[in-house]
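Worksheet: the structure to be examined is printed underneath.
Since this is a predicted model, take the numbers as computed values, not measurements.
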Amino acid sequence: MPEWPEMDTYRRLLSPLVCGRTIQAVEVNREKTINEPVDVFQSALTGRKILFVERRGKHLLFHLDDGHRLLLHLMLGGWIYYGPESEPEREDSRYQVILELDDGNRLFFGGLRLGYLHRLTAKGAQEHLKDLGPDPFDPRLTEEAFTKRLGKRRGKLKPTLVDQKLVSGIGNCYSDEICFDAKVLPMAQIPDLSEETKQRLYHSMRQVLEEAAANGGYMDHKFSADDTFVGGFDEMCRVYDREGEDCPRCGTPIRLEHVSSRKMFFCPSCQKEQ
DNA sequence: AGTGACACCCGAACGC
DNA sequence: TGCGTTCGGGTGTCAC
């Protein structure tokens with residue numbers, strides 16, 4: 001669920017808090033979340049300094065002072081919490097991994113059912129991310145580069161937008177929001193799209209992701225005790241999870257359809273096939 | 001190359 | 001209310 005805006009929000013919030021901090025202790029409550037034996041993971045991380053935090057697509061990379069990286073993917077329903085103590089209503093055991101920092105705060109990784117936190121070499125991390133497409137805001141991904149890239153694809157628009165090889169970071173929610181903003185149906189066939197529509201998709205992609213990130217994305221977990229920012233975009237979604245509600249543009253009820261077990265929310269009136 | 005099916009996992013939602 | 005069952009959703013992989 002966490003997509004580009006959610007992960008970039010985490011990166012922005014975490015960077016000033018954890019850069020330069022040393023990991024003092026590591027708690028692992030679910031061994032499958034990590035990629036090596038718990039004792040190896042713990043002793044390798046203890047004493048390591050976090051240099052900086054990088055986002056690649058929906059991944060977060062914590063760069064460590066020994067050249068290794070901690071690679072995080074929240075997948076479905078994962079979240080991050082930061083503070084001296086966990087969220088009051090949540091037991092520590094609900095968190096799969098907890099990193100204790102040298103300033104008395106802790107980084108809590110929760111909801112990692114399919115998500116993971118892997119300790120990798122620089123090479124290992126690179127290998128893991130080798131198939132990721134460009135970032136939506138990569139300066140090399142110009143309007144022309146994007147429309148060309150999209151134009152090479154066949155098939156339906158939505159499955160292509162969520163394909164991390166096309167552009168990295170777009171998932172179920174924002175693909176629907178982008179299609180709505182660009183006034184095109186998510187089930188439209190890419191070869192049918194006009195050049196203008198592909199150009200609109202490019203600008204909608206950047207506009208929607210930027211607006212969502214500026215409002216804290218749609219995460220439903222607080223980042224810290226006094227956090228009122230994360231999740232602010234939840235009520236700003238135009239179509240996602242709004243089946244039956246009025247389209248904010250034309251008033252037609254939003255429709256939900258499934259394509260290969262994937263939800264698509266759209267306005268059947270003001271979003272078009274081309 | 002696109003499409004669909006499946007496995008992974010477990011909290012949440014649902015049904016009785 | 002409470003217990004058992006089903007479902008969802010990103011990604012990787014595999015078959016067609």
| Just how far, in rounded Å, is C1' of C:dG9 from CD1 of A:I170? | 17 Å

| message | If I take atom CZ in residue A:R262 and atom C1' in nucleotide C:dT11, what distance separates them, rounded to the nearest angstrom? | response | 9 Å

| query | Do A:R249's NZ or CZ and the ring of A:F180 fall within the cation-pi criteria of under 6.0 Å and 45°? | reply | yes

| field | Nearest listed nucleotide, side chain of A:H73, among B:dC10, C:dT11, B:dG2 | value | C:dT11

| Do other residues, nucleotides or ligands put more than 12 heavy atoms under 6.0 Å from the CD atom of A:Q126? | no

| query | Quick check: are there more than 12 heavy atoms from other residues, nucleotides or ligands sitting under 6.0 Å from CD of A:E245? | reply | yes

| field | Donor-acceptor contact below 3.5 Å, side chain A:E3 vs main chain A:G171 | value | yes

| message | Determine whether A:T46 and A:S43 satisfy the following criterion, side chain to side chain donor-acceptor pair (under 3.5 Å), listing intermediate values before the conclusion. | response | CA-CA 5 Å; A:T46 303; A:S43 58; over 6 Å; no

| message | Could you go through A:R55 and A:D135, starting from their C-alpha distance and side-chain angles, then the distance that decides it, and tell me whether this counts as salt bridge (charged side-chain N to carboxylate O under 4.0 Å, His left out)? | response | CA-CA 10 Å; A:R55 181 194 50 71; A:D135 189 82; 2.8 Å; yes

| Considering only side-chain heavy atoms of A:K263, which listed nucleotide, C:dG10, C:dG9, B:dG2, is closest? | C:dG9

| query | Given atom CG of A:D163 and atom P of C:dT11, what is their separation to the nearest angstrom? | reply | 10 Å

| request: Answer with yes or no whether the hydrophobic clustering places A:L132 together with A:Y174; edges join I, L, V, M, F, W, Y residues whose side-chain heavy atoms lie under 4.5 Å apart. | output: no

| message | Can you measure A:L74 atom CG to B:dC10 atom P for me and round it to whole angstrom units? | response | 16 Å

| task | Would you jot down, in residue-number order, the residues of residues 109-120 of chain A having a non-hydrogen atom under 4.0 Å from DNA chain B? | result | A:R113, A:L114

| said: Rounded to whole Å, please give me the gap between CD in A:Q164 and C1' in C:dT13. | reply: 16 Å

| Atom-pair distance (CZ on A:F265; C1' on C:dG8), nearest Å | 12 Å

| said: Quick check: closest heavy atoms across A:L185 and A:L157, and the distance to 0.1 Å? | reply: O-CD2, 3.9 Å

| said: Using a 4.0 Å heavy-atom cut-off, does A:G155 contact any base of the nucleic acid, only the sugar-phosphate backbone, or nothing at all? | reply: sugar-phosphate

| task | Between C:dG10, B:dG2, B:dT3, spot the one nearest the side chain of A:R154, thanks. | result | B:dG2

| Paired stretches of DNA chain B - 3 or more consecutive Watson-Crick or G-U pairs, each distance under 3.5 Å | B:2-16 with C:2-16

| message | If I take atom NZ in residue A:K58 and atom P in nucleotide C:dG9, what distance separates them, rounded to the nearest angstrom? | response | 12 Å

| field | Any A:I34 side-chain heavy atom under 4.5 Å of A:V97 side chain | value | yes

| remark: Among C:dG9, C:dG10, B:dG2, the one nearest any side-chain atom of A:Y240 is C:dG9

| task | Specify the separation, in whole Å, of atom NE2 of A:H128 and atom P of C:dG10. | result | 16 Å

